[in-house]
Amino acid sequence: MKLANQTLKYLSISVLVVIALWSTIFYLFMLEVIHDNIDEELENQKRLIIQELASEAIVSPDLEFGINNYKVREISEQQAIKMQNVYKDTMLYMQDDDDPEPELEPVRMLTTAFEHKGHYYELSIINSMIEESDLIKNLFYSVLILFILLVVSIVSINRVVIQRLWSPLYRFLDQLTKFRLGKSGDKPAMDTNIQEFNDLQLAVRTLIHHNEETYEQQKQFIGNASHELQTPLAIMINKLEMMAETGGLQPEQSNTIAEVLNTAERLVRLNKSLLLLSKIENKQFLNNEDLSINQLVTLITDELEDVAAFKNVRINVDQKDELNVRLDSALANIIVSNLIRNALFHNMEGGEVNIAITENTFVVANTSRQAALDKEHVFSRFYKSDASSKGTGLGLAIVQAICSLYGFSISYHYEKNQHIFKLDFRPE
């Protein structure tokens, strides 16, 4: 989740909790104010009723609710002593002018006790809350609407403000994503007066400067190594070939020269592979373009037809779909070529290389007399399942390095006497 969205999420939750708490407290406060007003009116009615009943010679013991909205019930002295003013909300059947049938209506009731000429009575007074109920309902909806409007407004305003504040950082990150050592001219920069962003910009520029120096040193070393190693190796191979062509050599001498020549040629291949691996890891191959893996497979299999015929290995290609990817053409050729050559050279007499192409995957499987390879180390540098192999042990490591560079995934498994390598071109 983006930092701005994360900030907005926590801010929204905080605002939601604070305003919800405030709205609840405000609603309860207003409800208490309404009840206090009604209770004061009931208290005033109580005093008036008691004063009116004091002038009566006798109080009717079962005076029910009537037009005066109160009732009287005689009680004992002990009950009267224990009784205090009690206010509560309740429902009573009340007659409406427009409706002959009585209906339950909300009322506020005060229950108290008083003494009249040695007798004790319970007095219950009611006050209709129809208007107050409507007021409370309107108050509730008003608070709810205000709550929603406040939350939406605050979140919207903060979203705009946060986006404006964080926009320099997002542009800076976009520039960093597109920046390539040795290829990009302008360094990532952002125009802002926020101190933390300026500190980040300074730290990134310092880091880029150090990386550029290291990159140039590595690039220079790779170039020097390529030149300084290839030249003496080429001279050595040339002299060994001339010596091998010289007459009068003993068979043992010829065999020794041939072994040294093979070792020198292997050293040349090893040097080229290591230099290639270094260039890949330093991201010196990023001239990306849209390529068809189907066409590349057809081209490489055509080139290897003679080798396959010599080894008596049949190459089967199953193009289930068109596989188009965007990557450096040289690296694409290395991936496809290394996997197919690996399957061809580690095959057996009369074996097969089965290639399957789908919309997103490229699978190469080969028959072999060798058992399953070590999944943990098959893509490691210098890994060899056969110690007598003349390969450099870097072919699959190079494929793995290219996949890591582009975010592709490559896997190996052994099934039905076949070594299967599956390359998924969907980014991980």
Side-chain angles (χ1 to χ4, degrees), residues 258-259 261-263 265-270 272-274 276-277 291-321 323 325 330-358 360-403 408-425:
E259 290 177 0
L261 186 59
N262 289 333
T263 303
E265 290 176 346
R266 181 173 177 273
L267 185 59
V268 170
R269 295 195 301 271
L270 183 62
K272 289 182 179 180
S273 297
L274 286 172
L276 175 62
L277 198 55
L291 299 172
S292 171
I293 298 298
N294 303 64
Q295 295 179 3
L296 195 55
V297 169
T298 301
L299 179 63
I300 292 174
T301 51
D302 288 344
E303 292 176 353
L304 295 174
E305 274 186 357
D306 293 339
V307 178
F310 176 78
K311 293 179 64 69
N312 192 24
V313 174
R314 185 170 67 254
I315 300 178
N316 304 314
V317 180
D318 181 13
Q319 301 188 35
K320 298 178 180 178
D321 210 333
L323 175 55
V325 295
L331 298 184
N333 185 79
I334 291 171
I335 287 178
V336 176
S337 177
N338 280 13
L339 289 176
I340 296 178
R341 289 176 183 273
N342 183 74
L344 183 60
F345 294 149
H346 293 86
N347 220 304
M348 61 184 183
E349 179 77 17
E352 293 182 346
V353 174
N354 298 309
I355 302 171
I357 303 174
T358 66
N360 297 302
T361 61
F362 171 61
V363 180
V364 179
N366 66 279
T367 54
S368 175
R369 291 191 176 89
Q370 294 180 354
L373 305 178
D374 186 351
K375 289 185 178 181
E376 299 295 328
H377 301 95
V378 66
F379 296 106
S380 301
R381 297 184 183 185
F382 306 112
Y383 172 79
K384 292 183 179 181
S385 59
D386 184 4
S388 62
S389 173
K390 296 182 180 181
T392 61
L394 292 173
L396 293 178
I398 292 174
V399 173
Q400 173 68 33
I402 298 173
C403 291
F408 303 148
S409 64
I410 182 149
S411 60
Y412 162 81
H413 68 279
Y414 184 77
E415 183 180 348
K416 297 179 180 179
N417 297 324
Q418 286 195 352
H419 301 276
I420 303 173
F421 292 87
K422 180 179 179 181
L423 201 161
D424 193 334
F425 286 95

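- Counting heavy atoms from C-beta on, the side chains of T361 and K422 come closer than 4.5 Å.
- With values rounded to the nearest 0.5 angstrom, N360 atom CG is found 11.5 Å from I293 atom CD1.
- For the pair L323/F425, a side-chain contact is recorded, criterion being any heavy-atom separation below 4.5 Å from C-beta on.
- Y412 places a side-chain N or O within 3.5 Å of a backbone atom of L373 that can act as its donor or acceptor partner.
- N347 and S368 share no donor-acceptor pair across their side chains, judged by distance under 3.5 Å alone.
- Distance check, rounded to the nearest 0.5 Å: NE2 of H346 to CZ of R369 gives 14.5 Å.
- Q370 has its side chain within reach of H419: a pair of non-hydrogen atoms, C-beta onward, lies under 4.5 Å apart.
- Two residues are said to be in side-chain contact when any heavy atoms from C-beta on lie closer than 4.5 Å; Q400 and I402 fail this criterion.
- What you find for N366 and A343 is that their closest heavy atoms are CB-O, 3.4 Å.
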Under 3.5 Å, side-chain donor or acceptor atoms of residues 330-340 against the rest of the protein: list the pairs with distances, not counting sequence neighbours.
unit_1: S337; atom_1: OG; unit_2: R341; atom_2: NE; d: 2.9
unit_1: N338; atom_1: ND2; unit_2: G395; atom_2: O; d: 3.2

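- Side-chain contact between V353 and I355 is present, with heavy atoms from C-beta onward closer than 4.5 Å.
- A 4.5 Å side-chain heavy-atom check between I357 and D318 finds every atom pair outside the cut-off.
- With rounding to the nearest 0.5 Å, the separation of CZ in F310 from CG in L304 is 14.0 Å.
- Using a 4.5 Å cut-off on side-chain heavy atoms (C-beta onward), T367 and N417 make no contact.
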Next item on the list: For side chain to side chain contact (heavy atoms under 4.5 Å, CB included), just list the numbers for I315 and E305, CA-CA rounded to whole Å, side-chain angles, deciding distance to a tenth of an Å, and then say yes or no.
Entry: CA-CA 8 Å; I315 300 178; E305 274 186 357; over 6 Å; no
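- L423 has its side chain out of reach of V363: every pair of non-hydrogen atoms, C-beta onward, lies at least 4.5 Å apart.
- Using modelled atom types, no side-chain atom of N312 and backbone atom of M348 make a donor-acceptor pair closer than 3.5 Å.
- In plain terms, the two heavy atoms of F421 and N342 that are nearest each other are CE1-ND2, 3.9 Å.
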Note to self: Go through it in stages, so that I can follow the logic: the residues are V399 and C403, the test is side chain to side chain contact (heavy atoms under 4.5 Å, CB included), and I'd like the CA-CA distance, side-chain angles, deciding distance and then a yes or no.
What the structure shows: CA-CA 6 Å; V399 173; C403 291; 4.3 Å; yes
